[in-house]
2 protein chains.
Amino acid sequence: MRKSMPQNRMTIQRRIIIEELKQHNSHPTAEQLYHIVRESLPRISLGTIYRNLDFLSKNNIIRKLDIDKEQARYDAVIKEHYHVRCIRCGKIGDIFNLPKTDIEKEVGKLTDFVIVDYLPEFKGICPECINKTKSEELKSITEDKKENI
Amino acid sequence: MRKSMPQNRMTIQRRIIIEELKQHNSHPTAEQLYHIVRESLPRISLGTIYRNLDFLSKNNIIRKLDIDKEQARYDAVIKEHYHVRCIRCGKIGDIFNLPKTDIEKEVGKLTDFVIVDYLPEFKGICPECINKTKSEELKSITEDKKENI
DNA sequence: ATGTTTGCAAATCATTTGCATAGTT
DNA sequence: AACTATGCAAATGATTTGCAAACAT
């Protein structure tokens, strides 16, 4: 059963946070969203941003992304999709429609854990950073990973 | 070309940190390793632990794992493998010999990023926690993920 | 009226860093 | 001797929390 919209209070702060997050598909950090929201609500505090982002992700209204080790990022798109992080500038891109595989079943055979979730993440170079990169350099980057055992 | 053992100094601290990490395949945090190492080197500081773990992972002698959002974990096993994190107790298990796929190529078609790395992580329930769990409950857990759109 | 949420400031917690001293090569 | 690493303590930075006042239902 799907969780329903929570019975909790829709404050102006909460409403604007949701609206701005829907407007900004760039997977902003709490701090970035704080600056965005302050343009309409100059007195909002960072604590309120954090409390609401936490509340909203726990209620499946938004998604919290752990793709960046330093700062959490937030995404208003709930539909299943995955993310690429640019190794140059940190920008996060979306990956929709990843083909289904039986990887969880496969992994279940390789461990004594019961697998309940699969979280693929990708690293890459975004279009803007590709343009700044010399082509030979780019070639060596994509081959780097074969270096490890 | 493989990076060679760095030219830097092999202090007692660094040697013991490597030894203890090899001894403890449990993917310890810096803090846990600090307590372990303190049994042979009571005056070692946490800063030294961090500095060495950082140095060693940058030189490909150990691996730093980002699987736990709160604290980094470290692994002396360099050979390619992946990890499952127990959603109950946090324990981290290893997954060796994951079948190769062309997922990076597939993902490349779904985004305008150039993909350079694929980092699959898994969540699961470890054997000890499975034993503590009623079987109907376990069944519902493995079906939970189908709930989302 | 009642329980939630807010703004603010202080607290927390993992990790990093500055510095003088000690250790390695 | 020359340079790198250590111990210690203080700094950092993201996130969390306590509290009294403001707000939503």
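Naming convention: chains lettered A, B, ... in sequence-line order (proteins, then strands); numbering from 1 in each chain.
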[N] [atom2] sits how many Å from [X] [atom1], rounded?
X     : N      : atom1 : atom2 : value
A:R73 : D:dT15 : CZ    : P     : 10 Å
A:I17 : C:dT5  : CD1   : P     : 12 Å
A:R15 : D:dA24 : CZ    : P     : 10 Å
B:N8  : D:dT6  : CG    : C1'   : 15 Å
B:R51 : D:dA11 : CZ    : P     : 16 Å
B:Y74 : C:dT15 : OH    : P     : 6 Å
B:K69 : D:dT15 : NZ    : C1'   : 11 Å
B:Q32 : C:dC13 : CD    : P     : 16 Å

Salt bridge (Lys or Arg N to Asp or Glu O under 4.0 Å) evaluation trace for B:R15 with B:E19: CA-CA 6 Å; B:R15 185 169 49 73; B:E19 281 176 14; 3.2 Å; yes
message: Tell me if the side-chain of B:R43 makes a donor-acceptor pair with the base of C:dG23, cut-off 3.5 Å, by modelled atom types.
response: no
Any donor-acceptor N/O pair under 3.5 Å between C:dG23 base and B:R14 side chain: no
task: Ignoring backbone atoms, establish whether A:Y50 has a side-chain N or O less than 4.0 Å from OP1 or OP2 of D:dT15.
output: yes
message: For B:T48 and B:Q71, find the nucleotide of DNA chain C closest to each by heavy atoms; which residue's nucleotide sits nearer the 5' end?
response: B:Q71
field: Between CG on residue A:L56 and CD1 on residue A:I18, distance to nearest 0.5 Å
entry: 4.5 Å
query: Without hydrogens or angle criteria, can the side chains of B:R88 and B:T133 be said to hold a donor-acceptor pair below 3.5 Å?
result: yes
message: Between A:E80 and A:K100, does any side-chain N to carboxylate O distance fall below 4.0 Å?
response: yes
message: Within the 4.0 Å heavy-atom criterion, would you say B:N52 contacts the bases, only the backbone, or no part of the nucleic acid?
response: sugar-phosphate
